[in-house]
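Each chain gets a letter, A, B and so on, in the order the sequences are listed, and its residues count up from 1.
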Number of protein chains: 2
Amino acid sequence: MLLPRAEAEEYASWFKALADATRIQIVSLLARRHAPMTVGEIVAASGVGQSTVSHHLKILAEVRFVLVERQGTSSLYRINEACVSCFPTAADVVMGNPVPASPACD
Amino acid sequence: MLLPRAEAEEYASWFKALADATRIQIVSLLARRHAPMTVGEIVAASGVGQSTVSHHLKILAEVRFVLVERQGTSSLYRINEACVSCFPTAADVVMGNPVPASPACD
DNA sequence: ATCGTTAATCGACGATAGTCGATATATGGG
DNA sequence: CCCATATATCGACTATCGTCGATTAACGAT
């Protein structure tokens, strides 16, 4: 009857990743460019501090919205198109439709 | 280049409404029943306090995920299927696809 | 009008989250 | 080996959030 707590927490954590305006801006920035960006480029474009950007990128990477690859002294972040499009819609979560598991998105 | 802050805030507020496990449970509860529920019924089913449920219902109603109608001494809450299905997916927000305005969902 | 029931609001508390500045860590070049 | 650059982590501060208990407000019935 009631959705199991653990399942609700997992869905919530996905929505939580986009529940911040700065993260929305970062994600949309990465998506509009179809090329990877360094942290420095994102900092310059976003208007918030470097440590803040790094913090948000970590959160976005934990739910696989973005992928990271180190190259030399810099980190290249890019959008994970597969994961973004398999992100559950509100309708899916709410209606109990099957939702692809998080590890399925690479 | 960068998504305007106001737009990002609006998207974030929608995701924020589902960024809590208890709210996910309440919304999915209302969606599985296709009939309205009173606050008391939701309290009994959800396992959290009455004031907490009322608080969450208010948040869900503000973004139009649920609709409320007073009947006698009780309030009947039901899912707003139209608004749920027009909720922007991560892909829409991120890729810059047109997103239906919030007032369009009734 | 009063009482009982239902729901919304208030006040408080602890926990979490966003931001910053400073520091630490890694990496490549001279 | 040391330095410069790029990023990650840490510590602190503030603001917001989720939850509760208590109170208030709305409504129906007696």
Considering heavy-atom distances to DNA chain C, does A/Gly49 or B/Gly40 have its closest nucleotide positioned more toward the 5' end?
-> B/Gly40
Hey, does A/Ser75 reach any base, or is it just sugar-phosphate, or nothing, if we go heavy atoms under 4.0 Å?
-> sugar-phosphate
Value in whole Å for how far the P atom of D/dC17 lies from CG of B/Asp20 = 11 Å
Sugar-phosphate, base or nothing in reach of B/Val53, heavy atoms under 4.0 Å = nothing
Tell me: CG of A/Leu57 to P of D/dT9, nearest whole Å?
-> 11 Å
Proximity to the side chain of B/Ser51 - top-ranked nucleotide from D/dT7, C/dC10, D/dG18 | C/dC10
In whole angstroms, how far is the C1' atom of D/dC17 from the CD atom of B/Glu62?
-> 14 Å
Look at the side-chain N and O atoms of B/Arg23 and state whether any lies under 4.0 Å from the OP1 or OP2 oxygen of D/dG18.
-> yes
With a 4.0 Å cut-off on heavy atoms, is A/His56 in touch with a base, just the backbone sugar-phosphate, or nothing at all?
-> sugar-phosphate
C/dA8 OP1/OP2 closer than 4.0 Å to side-chain N/O of B/Ser54 | yes
Can you figure out which of D/dT19, C/dT27, C/dA7 approaches the side chain of B/Val39 most closely?
-> C/dA7
Is a side-chain N or O of A/Glu7 found less than 3.5 angstrom from the main chain of A/Pro4, in a donor-acceptor match?
-> no
How many Å lie between CD on B/Glu41 and P on C/dT5, as a whole number?
-> 17 Å
C/dA7 phosphate, OP1 or OP2, under 4.0 Å from B/Thr38 side-chain N/O = yes
Is the backbone N or O of B/Ala17 less than 3.5 Å from a side-chain atom of B/Arg23, with the two atoms forming a donor-acceptor pair by type?
-> yes
Step by step, would you call B/Leu30 with B/Arg78 a side chain to side chain contact (heavy atoms under 4.5 Å, CB included)?
-> CA-CA 6 Å; B/Leu30 288 171; B/Arg78 67 179 191 278; 5.7 Å; no
Which of the following nucleotides, C/dA7, D/dT19, D/dC17, is nearest to the side chain of B/Gln50?
-> C/dA7
Protein-nucleotide distance (B/Glu9, atom CD; D/dA15, atom C1'), rounded to Å | 14 Å
Evaluate the side-chain proximity of A/Arg5 to B/Thr22: yes if any heavy-atom separation is below 4.5 Å, no if none is.
-> yes
Close side-chain approach of B/Tyr77 to B/Ile26, heavy-atom, < 4.5 Å | no
Can you find a side chain N or O atom of A/Tyr77 that sits less than 4.0 Å from OP1 or OP2 on D/dA6?
-> no
Whole Å only: how far is the CD1 atom of A/Ile42 from the P atom of C/dT19?
-> 15 Å
To the nearest Å, how far apart are B/Ile59 CD1 and D/dT19 C1'?
-> 12 Å
Closest-nucleotide 5' rank along DNA chain C - winner of A/Arg70 and B/Thr73 | B/Thr73
Return the value, rounded to whole Å, for the distance between atom NZ of B/Lys58 and atom C1' of D/dC17.
-> 14 Å
So what does B/Ser74 hit on the nucleic acid, given a heavy-atom distance under 4.0 Å: a base, only sugar-phosphate, or nothing?
-> sugar-phosphate
Looking at side-chain heavy atoms only, is the closest gap between A/Lys16 and A/Glu9 below 4.5 Å?
-> no
